[in-house]
Amino acid sequence: MTIQHKPWGGRFEEATDAFVEAFTASVDFDKRLAAHDIRGSIAHATMLQRLGLLTPQELAAIVNGLEAIAGEIEAGSFPWSVHLEDVHMNIEARLTERIGEAGKKLHTGRSRNDQVATDVRLYLRSEIDRICGQIRSLQMALVDLAEREADTIMPGFTHLQVAQPITFGHHLMAWYEMLSRDYDRLCDCRKRLNVMPLGAAALAGSSFPLDRDYTAALLDFVRPAANSLDAVSDRDFAIEFAACASLVLMHLSRFSEELILWTSAQFGFVDLPDAFCTGSSIMPQKKNPDVPELVRGKSARVFGHLFALLTLMKSQPLAYNKDNQEDKEPLFDTVDTLSGCLRAFSDMMPHVRPNRAAMYASAQKGYATATDLADYLVRRGTAFRDAHEIVGKAVRLGIETGRDLAAIPLEELQVLSGAIGPDVYDVLTLEGSVAARSHIGGTAPECVRKAVAEARVRLAGLREA
Ligand code: ARG
């Protein structure tokens with residue numbers, strides 16, 4: 001061994017500066033990759049033995065040693081050392097300490113460059129599977145609530161002004177749709193990341209006739225990466241994942257914003273369970289929607305991580321550069337933040353209590369059925385633009401006299417248009433308005449129930465959490 005006992009220390013004459021050692025080390029955070037690193041090493045060693053580069057006895061010693069190390073790590077007794085820089089060298093050094101000479105052969109035909117790229121892909125692949133399961137759980141909760149609230153009437157908004165009546169179930173199913181796209185996007189990201197860098201070695205490949213197909217199969221990768229330079233330097237998959245995560249968080253942030261508005265005294269549409277809120281240290285009456293507020297806030301850091309990863313990559317010449325070590329903390333925090341927000345939402349959703357009376361009363365304000373009156377006139381032969389004008393006048397009359405459209409007597413409406421008959425009140429009710437929108441994608445209770453049934457079929461076919 002050399003003066004400083006670094007696995008790469010052969011050509012060095014001076015010890016690493018103490019600050020530089022700490023500055024360049026990644027073990028404090030990349031130890032999270034340990035299980036994947038061990039799995040990759042076992043597959044690599046198995047392939048080396050197949051080529052005759054390890055004896056069966058050496059392979060057995062390596063596999064047993066790595067499994068014992070996995071046990072130490074799980075038990076918290078593994079002697080992590082900053083001096084050994086990263087997770088890869090910590091594990092390799094410990095292996096040699098435990099099993100002797102065979103441990104020194106493990107790194108044959110491999111570099112930390114293809115090793116770390118493989119570890120991160122293995123890690124992210126399993127996290128994507130877990131997160132997809134979490135998205136599915138949240139969707140289940142939304143679908144359950146949507147089914148219960150298929151007939152619940154609430155105001156639908158544009159510009160945050162009352163626009164037209166909708167059903168609460170329909171609104172919930174809009175959230176479901178967003179999450180379906182998020183799920184599909186993550187599956188798509190998983191497809192692209194599922195190729196194996198191992199065998200690319202440092203950058204140019206290996207002078208050993210590595211059987212990369214075999215190693216890829218052992219690690220459940222679809223195939224080995226096609227170009228060694230690209231294999232060690234590609235972090236597109238991390239950026240793509242951060243983009244997918246940003247979209248999920250953007251959606252969760254929008255849900256949060258609505259829940260925050262809806263729980264306010266001004267709306268009063270829903271109640272959140274006490275367990276998901278906190279109080280104020282000074283104002284005794286307060287019950288604050290902390291969980292949605294925090295989810296809305298946490299979306300910001302994930303958007304930041306996406307930008308950090310893009311910026312990290314944009315100026316790197318091929319192939320591996322140490323810059324890449326900076327991919328891990330943003331990526332890990334993206335996983336943790338996303339997963340935590342999904343967990344908070346799916347735990348909370350079954351306990352969201354709608355206040356149906358408040359939603360109904362709110363839909364009665366703001367002339368939400370004005371479009372229905374215009375459509376009614378069109379069915380009676382009035383051109384839509386003329387109908388729009390007539391209904392505008394009816395709304396003005398309502399505002400001036402403090403009445404909703406349905407409360408204006410027939411004689412007064414007929415002054416505005418002779419086409420209006422006594423059956424006009426059927427379309428001016430909230431129930432009539434939502435029931436009329438019964439085409440695909442409409443808000444009618446029957447459509448909500450159909451969308452719920454279709455969603456249940458889709459969810460049954462997805463991987464569970
Ligand atoms: N800790 C490093 C990383 O995360 C591992 C690869 C280091 N390779 C190297 N040639 N220094 O990227």
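One-based numbering, in listed order, for ligands and for the atoms of each. No hydrogens, no waters, no symmetry mates; every other heavy atom, side chains included, goes into these values.
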(request) Walk me through it: do Leu252 and Val295 pass the test side-chain contact (heavy atoms from CB on, under 4.5 Å)? (result) CA-CA 7 Å; Leu252 293 184; Val295 168; 3.7 Å; yes
(message) Students often mix this up, so state it plainly: with edges at 30° and 60°, are the rings of Phe168 and His171 parallel, tilted or perpendicular?
(response) tilted
What protein heavy atom is closest to [atom], reported as residue, atom name and distance in Å?
{"atom": "atom 11 (N) of ligand 1", "result": "Arg112 NH2, 3.5 Å"}
{"atom": "atom 3 (C) of ligand 1", "result": "Tyr320 OH, 3.2 Å"}
{"atom": "atom 2 (C) of ligand 1", "result": "Gln325 OE1, 3.3 Å"}
{"atom": "atom 8 (N) of ligand 1", "result": "Asn113 OD1, 2.9 Å"}

(request) Specify side chain, backbone, both or neither for Gln115, according to which of its non-hydrogen atoms lie closer than 4.0 Å to ligand 1. (result) neither
(message) When you measure from the side chain of Asn90 to the backbone of Ser81, do you find a donor-acceptor pair of N or O atoms at a distance under 3.5 Å?
(response) yes
(request) Supply the atom-to-atom distance Leu95 CG to Leu106 CG, rounded to the nearest 0.5 angstrom. (result) 6.0 Å
If the cut-off is 4.0 Å to any non-hydrogen atom of [X], which atoms of ligand 1 fall inside it?
{"X": "Ser26", "value": "1 (N)"}
{"X": "Lys328", "value": "3 (C), 4 (O), 12 (O)"}
{"X": "Asp86", "value": "1 (N), 2 (C), 5 (C)"}

(message) For the residue pair Ser180 / Gln139, report whether a side-chain donor-acceptor contact shorter than 3.5 Å exists.
(response) yes
(request) Measure across Asp37 and Val87 and return the closest heavy-atom pair with its distance rounded to 0.1 Å. (result) OD2-O, 4.4 Å
